[in-house]
Amino acid sequence: SSASLQILASMPSRTIGRSLGAIISQYCNRTARLRRRSGRPPLQQLCRAARPSLRHYDLESDPSRATLQEKRRLLVKELLSLSPSQCSHMLLTMPLSLAEKRILRRQLSGHRGPVRQRTHGWAPVSPCAWSRVCVSLVSWRHSSAQRLGGLSAGSSPTALPCCSPQGCRGLWYRLLSLLRAAQPGHYALKQIGGRFGSSVLSYFLFLKTLLMLNFFSFFILLAFVVVLQAVYPSASVSPQPFTGLELLTGAGYFTHSLLYYGYYSNATLNDPCSSSPEGSVCPLPAPLLPYNLPLAYLFSVGVSFLVTCILLVYSVSRSFRESVKSSTGDLAIKVFCAWDFKVIQRRSVKLQCENICTQLKELLAERRSRCRSQSRCQCLGHGLVVLLAWLLALAWVSGCVLAVHYLLEHMHMGSGSWQQEAILLVLPLVVSLLNALMPHLFNLLAMWEKQDSPVTQVSVAIFRNLILKVVILSLLCYHWLSRSVICSTEECWETCVGQELYRFMVMDFIFTLLDTLFGELIWRLILEKRLKTKQRPEFDIARNVLELIYGQTLTWLGILFAPLLPAVQMLKLLLLFYIKKTSLLRNCQSPSKPWQASRMSTVFITLLCFPSFLGAAAFLSYTIWSVQPSETCGPFRGLETIYKSGKRWVLVLEKSNPNITWFAWVYQHLLENTCLLFFMSVALIAMIYFNIQVVRGRQRVICLLQEQIANEGEDKLFLMQKLRSVYEQRGG
């Protein structure tokens with residue numbers, strides 16, 4: 001009614017509490033203050049006519065002193081005195097309508113046009129433009145010098161105006177932007193998010209997280225262990241000829257190389273008496289700080305795990321914090337506030353349109369799944385189906401574990417070289433085949449269950465695949481620690497375990513490529529050519545994410561036995577990124593049930609942290625503290641356990657430099673104290689627990705605030721009805 005419209009028009013929310021003239025006056029004052037803070041000459045050096053007038057700087061205190069046109073003209077005058085970048089930023093931050101901003105931009109361009117026509121020198125441009133002109137002039141000057149025969153030895157080029165500090169700074173910013181654009185998949189990630197949604201995008205973001213974790217581990221091991229061992233090579237047997245099968249088996253030429261544990265020595269690298277024969281007296285003094293390679297090997301592995309733990313805990317906490325944001329008001333935010341008006345390129349505009357449409361589909365699908373309700377009989381029948389599906393899945397997992405155990409018990413080394421190579425590949429082949437086939441059987445169970453929510457479907461598939469991989473890896477770890485691995489008498493059992501893990505990683509990568517080829521490319525060709533349908537296979541998020549977690553677990557398990565295994569994992573992840581991206585864009589379609597992946601990203605990081613990283617850390621801790629290393633090779637030869645190398649190094653350090661005996665006390669009372677390690681672990685777990693509780697508390701507060709906002713909306717509706725009745729009574 002007209003009465004309601006009159007009340008709505010007079011509400012403060014319709015006028016934002018201020019008039020247009022007040023907003024323009026406020027930003028006129030802000031622009032003047034910004035101009036006064038910029039580097040301008042002092043007021044005493046200017047003539048009286050050139051001094052700025054300060055009489056109109058307080059227009060907001062008395063809005064009746066100037067009209068809207070005068071305020072706009074004064075604001076344009078102040079904006080002209082700023083640099084183009086400051087002027088553009090000021091216009092972007094003004095809470096004005098687009099029509100008002102267009103008027104201001106038109107007036108600014110009208111004032112700047114005649115100025116540019118009157119000037120014949122260099123126009124004031126941005127530092128980035130100066131850097132582009134500088135680079136083009138330098139390249140033109142260099143090419144001209146080459147055409148003319150080059151510059152003389154005594155001549156020097158004249159300085160260009162672009163070589164100023166502002167030009168160098170602009171060139172540096174431009175190089176930083178180019179480095180950001182050179183990241184793997186910088187544009188591809190935006191394209192994937194626009195076409196397939198955040199659910200598929202979460203896989204590629206998770207892959208980039210794994211790439212970052214492996215980079216830190218590889219850098220630490222490379223700097224403190226691998227490079228130093230390459231500089232001081234150990235006296236080892238002559239390497240075998242390279243045949244090409246080493247890329248699959250990891251044996252042969254790679255056995256006595258920096259890739260595996262057995263190549264590293266147990267000597268002090270900077271000890272001048274290390275090469276003297278036994279029994280002879282060395283005349284040279286011992287170094288003040290001996291670089292003990294076994295201790296460096298142990299501490300590098302420990303520091304890499306510590307850095308990985310810190311990064312994982314930070315990622316988990318950040319992911320929990322982002323998942324707190326409820327999606328109750330996201331639909332209105334996406335509809336009214338999602339568009340970025342700074343995007344002007346046609347390709348970027350199209351990509352942003354696809355991204356917003358996909359996000360709206362995800363939000364609507366999630367809201368639609370919440371509104372569905374089932375009867376008790378339907379819930380009971382669905383629960384029985386889910387129970388039978390889980391029993392079948394556990395039975396299949398038990399069969400796979402029994403098959404792997406039988407293979408481990410009855411696998412023996414062959415007589416010929418080709419038989420040995422084939423037997424080495426049997427176990428990784430069988431395990432990778434089971435890991436590739438079982439997810440498809442689990443998908444058949446998911447089709448039988450008919451889960452309504454795609455988030456629940458993906459979670460169930462992830463946990464079923466996780467149970468399979470965790471049980472098989474636990475069996476393999478027990479097999480490796482019991483030293484029943486197939487190995488020759490000349491090699492360390494640690495080197496054989498490293499070779500076994502290398503073969504598992506290579507075979508997992510081969511089966512991933514085969515699954516991408518047959519499961520996506522050939523299946524898409526069959527659907528299009530034979531069946532004549534427009535449907536394409538969907539990207540299996542659960543299976544692909546579990547493959548990444550499985551490969552990363554193999555890397556963490558083998559980092560003690562093969563220090564260069566993170567480099568192999570980095571190469572594998574880079575190849576997977578581009579292969580999966582190409583296959584996704586060419587062979588797959590967007591999910592039939594769109595869903596948001598904000599909570600699933602938290603699940604991915606949590607699974608990587610607790611079952612994967614925690615299990616690998618427990619395996620390596622038991623190996624370091626309890627398992628006896630090889631007696632003939634490796635950096636820890638001749639010791640009862642790997643942990644004993646720390647005590648030996650402390651004794652050597654006390655003998656070489658008696659002034660640092662305090663370090664022995666620190667090592668004995670802090671590092672060897674199991675109570676301290678226990679309390680540190682408890683503190684870490686308590687910190688994670690309290691962080692989760694804080695996140696849950698914030699989520700409850702957000703829910704209460706949203707409920708309060710809904711109640712205030714009902715209060716407004718109630719007041720509107722009362723006011724309407726009052727107006728009707730007065731009108732009657």
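Computation of the quantities below employed the complete heavy-atom set of this structure, encompassing side-chain atoms and omitting hydrogens, waters and symmetry-equivalent molecules. Residue numbers run from 1 in the order of the sequence given.
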Flag side-chain contact, heavy atom, 4.5 Å: [X] against [Y]:
{"X": "Leu427", "Y": "Glu500", "answer": "yes"}
{"X": "Phe442", "Y": "Val397", "answer": "yes"}
{"X": "Pro537", "Y": "Leu527", "answer": "yes"}
{"X": "Ser583", "Y": "Leu521", "answer": "no"}
{"X": "Leu201", "Y": "Leu189", "answer": "yes"}
{"X": "Tyr263", "Y": "Thr495", "answer": "no"}
{"X": "Leu475", "Y": "Leu408", "answer": "yes"}
{"X": "Ile510", "Y": "Leu248", "answer": "yes"}

Main-chain N/O of [Y] paired to [X] side chain as donor or acceptor, under 3.5 Å:
{"X": "Asp515", "Y": "Phe511", "value": "no"}
{"X": "Arg536", "Y": "Arg586", "value": "yes"}
{"X": "Arg464", "Y": "Ala393", "value": "no"}
{"X": "Ser432", "Y": "Leu429", "value": "no"}
{"X": "Tyr502", "Y": "Gly558", "value": "no"}
{"X": "Ser482", "Y": "His479", "value": "yes"}
{"X": "Asn443", "Y": "Pro439", "value": "yes"}

Looking at every non-hydrogen atom in both residues, tell me the closest pair between [X] and [Y] and how far apart they are.
{"X": "Pro563", "Y": "Leu258", "value": "CD-O, 4.3 Å"}
{"X": "Ser304", "Y": "Ile220", "value": "CA-CD1, 3.9 Å"}
{"X": "Ala188", "Y": "Lys581", "value": "CB-CD, 3.8 Å"}
{"X": "Phe254", "Y": "Gly250", "value": "CB-O, 3.5 Å"}
{"X": "Leu557", "Y": "Leu620", "value": "O-CD2, 3.7 Å"}
{"X": "Ile467", "Y": "Trp390", "value": "CD1-CZ3, 4.1 Å"}

Neighbour count above 12 (heavy atom, 6.0 Å) for [X] [atom1]:
{"X": "Phe219", "atom1": "CZ", "value": "no"}
{"X": "His405", "atom1": "NE2", "value": "no"}
{"X": "Glu528", "atom1": "CD", "value": "yes"}
{"X": "Trp396", "atom1": "CH2", "value": "yes"}

For this session: Might you work through the side chain to side chain contact (heavy atoms under 4.5 Å, CB included) test for Leu205 and Phe604, ending with a clear yes or no?
Result: CA-CA 11 Å; Leu205 295 177; Phe604 297 160; over 6 Å; no

Exercise. In terms of side-chain heavy atoms, does Gln552 have a donor or acceptor partner in Asn214 at a distance below 3.5 Å?
Worked result: yes

Problem set entry | Output field: ring centroids Phe305/Phe613 closer than 6.0 Å | yes

Exercise. Phe577 and Phe204: aromatic ring centres closer than 6.0 Å?
Worked result: yes

Nearest-0.5 Å distance, [atom1] of residue [X] to [atom2] of residue [Y]:
{"X": "Thr516", "Y": "Asn544", "atom1": "OG1", "atom2": "CG", "result": "7.0 Å"}
{"X": "Asn435", "Y": "Asn465", "atom1": "CG", "atom2": "CG", "result": "8.5 Å"}
{"X": "Lys580", "Y": "Leu548", "atom1": "NZ", "atom2": "CG", "result": "8.5 Å"}
{"X": "Glu449", "Y": "Leu444", "atom1": "CD", "atom2": "CG", "result": "11.5 Å"}
{"X": "Leu573", "Y": "Phe206", "atom1": "CG", "atom2": "CZ", "result": "10.0 Å"}
{"X": "Leu517", "Y": "Thr512", "atom1": "CG", "atom2": "OG1", "result": "12.5 Å"}

Exercise. Please walk me through it: do Leu213 and Leu312 pass side chain to side chain contact (heavy atoms under 4.5 Å, CB included)?
Worked result: CA-CA 9 Å; Leu213 295 176; Leu312 281 177; 3.8 Å; yes

For this session: Please determine if Glu520 and Arg524 form a salt bridge, counting it only when a charged side-chain N lies under 4.0 Å from a carboxylate O.
Result: no

Problem set entry | Lys469 to Tyr550 six-membered ring, cation-pi geometry met (6.0 Å, 45°) | yes

Exercise. Checking side chain to side chain contact (heavy atoms under 4.5 Å, CB included) for the pair Val404/Val401: CA distance, chi angles, key distance, verdict?
Worked result: CA-CA 5 Å; Val404 174; Val401 173; 5.9 Å; no

Exercise. Arg503 and Leu425: side chain to side chain contact (heavy atoms under 4.5 Å, CB included), yes or no, with the steps?
Worked result: CA-CA 7 Å; Arg503 288 191 287 270; Leu425 292 174; 4.0 Å; yes

Seminar exercise, completed: Paired with Leu210, the side chain to side chain contact (heavy atoms under 4.5 Å, CB included) test is passed by just one of Leu576, Leu608, Thr555, namely Leu608

